[in-house]
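Worksheet for the structure shown next.
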Number of protein chains: 2
Amino acid sequence: MGNEPIQAELIAVLVAVTDGAPRVLTIENGSALPSGPLETGHRSLQAGLRAWVERQTHHPLGYVEQLYTFADQQRGGGRGISVSYLGLTREAPVLDPDAAWRGWYEYFPWEDHRHPEGQRHVAAIVRHLAAWAGPVPARQARLTALFGAGEGWNEELVLQRYELLWEAKLIPEARRARQGAPAPVPGLEMTHDHRRILATAIARLRAKIKYRPVMFELLPRDFTMLELQQTMEALAGQSLHKPNFRRLITQQDLVEETGRTTSGLAGRPAKLFRFRPAVLEERRIAGSKLPLVR
Amino acid sequence: MGNEPIQAELIAVLVAVTDGAPRVLTIENGSALPSGPLETGHRSLQAGLRAWVERQTHHPLGYVEQLYTFADQQRGGGRGISVSYLGLTREAPVLDPDAAWRGWYEYFPWEDHRHPEGQRHVAAIVRHLAAWAGPVPARQARLTALFGAGEGWNEELVLQRYELLWEAKLIPEARRARQGAPAPVPGLEMTHDHRRILATAIARLRAKIKYRPVMFELLPRDFTMLELQQTMEALAGQSLHKPNFRRLITQQDLVEETGRTTSGLAGRPAKLFRFRPAVLEERRIAGSKLPLVR
DNA sequence: TCCCTTATACTCAAAGTGAGTATAAATTGA
DNA sequence: TCAATTTATACTCACTTTGAGTATAAGGGA
């Protein structure tokens, strides 16, 4: 009974997209997400996070969204509360030698379906999971719903897939107790549940890009249709149908032409677009759907 | 600098739907949401919330989802963290004489568009907001996007509308400083930012019912199509087209016939349905869209 | 100049959606 | 008893959205 003083920690999932690869800021050689204590003098949690990140990266933080809060046991026996955030920026060199940008598919290779390797990872995982599921109908149903081969892949169920793998003891972080057994699932590990937090962030972002114009946080001011499309594809981990993507973007009035075009590259020059000011200003409303292919 | 011990508080938005009215559990004569400190011995935040709610209501808590976490100044100068949750149940008599179920539209009369009164509330609010907006284009744009008369009412923007009203000083809680001025917006008040938390919960639930089958937490085991529809309408605050609603529900295989029908009431007896076991069991996937009318 | 590459425009069928109409089966009351 | 009323259920139809494919345009390089 009674209230108990605890400690609060902020964890950040900072995302950028560079050269068609979604990237996430990590520390400790890629094994953890940046985090820090909530400090006195921060007016709000978000203010605390912004101050903390900008001190580390010397780069302003754009869009920020809360992910999830959970309680855990602190080292020392006490209790702590961790509040995780998703933040969108563009990749900038970090000053802290301990911090580095990493591709998020290094941690979730089975979530990238733009190339055939992703499919192969899924196939391998399904074989493991089939053994785990055995004849139990409920397990088989979850397996096909989450990893269902090709046809019904739902790119938003990142967290559910991770949790299923965890349950099946295929995630190394879940098997610390068992020694010797090799990790059956590819991908880098992270300390504590940081990889789970990253899964939450990916899922949230994949859902969000479909109904909110958050993409412009990740792109330069001017961009081509293809750059826009490839950024979306990078996040969704799926290829899009080019003409349909174009149709959707233009008819939703998300962008406007700048009048300029690219040059020097192979092929016909592409028009440069920018996001319409109305979209930038009041991004609280609006909605942008994305046409997934396959 | 440095970590600072703080206190953690859990705030619950418990929702039920009774006789076509969404209801929320309140305390202190409807002026606050139930809340309590995170206690020692609770394994997780959700476990803490469940224990706490079930001790108060003596009623099991079904679906639970985290809403938002924020930091605030505690009485006494210290800092506190509040974690808010949305929970779905069916209305049960509460033992605590301080607690009572209230219709959520008592706090947000302008959000109920099933009856013409809602439209009238909106019209009155728009008049106030037009004065506040004046000739400023950005304000006018937000006004029409959020309260746009009739045509484009988006029932999910509950929180955005509340925040606009707050900004325009039309929410009594925001004008404590100014004495004497009558509240220009109808609806019951709540202490602190509890009404804002309730707005968050409504928005979240209105979004969720469109792509996740959470409705069955709010309905008895067997129900008619009309009961299902009216529960949805209650949450969405909008009327639905009956044949289309029926078509959607049946073709999504959400429900199955029980074989029994209603009797004793006026009109043709209605078939009784129940949610399909597959939906109940693995409600992690699936999706149910709802056809809004008007 | 021809070929390769990328950008952009157009077409078409299938599926989904909004809105209305028609029929069925009970209760109610003259 | 039977017509009126009420609610449930089934069907139709036009319009929009969506998935997928094909065709044309405009540059660079051999």
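No experiment lies behind these values; they were computed from the predicted model shown. A note on names: the letters A, B, ... follow the listed sequences, proteins ahead of strands, and every chain is numbered from 1.
- The number of heavy atoms from other shown groups lying within 6.0 Å of CZ (B:Arg196) does not exceed 12.
- Rounded to an integer number of Å, the gap from B:Gln230 CD to D:dA8 C1' is 13 Å.
- The distance from atom NE2 of B:His241 to atom P of D:dA8 is 15 Å, rounded to the nearest whole Å.
- One atom, CZ of B:Arg246, and another, C1' of D:dA10, lie 8 Å apart when rounded to the nearest Å.
- The nearest heavy atom of DNA chain D to A:Leu265 and to A:Arg247 marks one nucleotide each, and the one closer to the 5' end goes with A:Arg247.
- One can place CG of A:Asn244 at 16 Å from P of C:dA15, the figure rounded to the nearest angstrom.
- Each of A:Ser263 and B:Gly267 was matched to the nucleotide of DNA chain D holding its nearest heavy atom; the match closer to the 5' end belongs to B:Gly267.
- We find that CD of B:Gln238 is positioned 11 Å from P of C:dA19, with the value rounded to whole Å.
- Between A:Phe223 and A:Phe216, the distance separating the two ring centers is not shorter than 6.0 angstrom.
- Below the 3.5 angstrom threshold, one finds no donor paired with an acceptor across the side chain of B:Arg268 and the base of C:dA26.
- Side-chain proximity of B:Pro243 to the nucleotides C:dT21, C:dA25, D:dT18 is greatest for C:dT21.
- Here D:dA10 presents its C1' atom at 17 Å from CZ of B:Phe245, a figure rounded to the nearest Å.
- Residues A:Arg114 and A:Glu233 are not paired through a salt bridge, judged by the lack of any N-O separation under 4.0 Å between the basic side chain and the carboxylate.
- Rounded to whole Å, the distance from NZ on B:Lys242 to C1' on C:dA24 is 13 Å.
- Atom CD in B:Gln251 sits about 10 Å away from atom C1' in C:dA15, given to the nearest Å.
- Taking both residues in full, the closest heavy atoms of B:Tyr162 and B:Ala199 are given as CB-CB, 4.2 Å, listed atom of the first, atom of the second, then distance.
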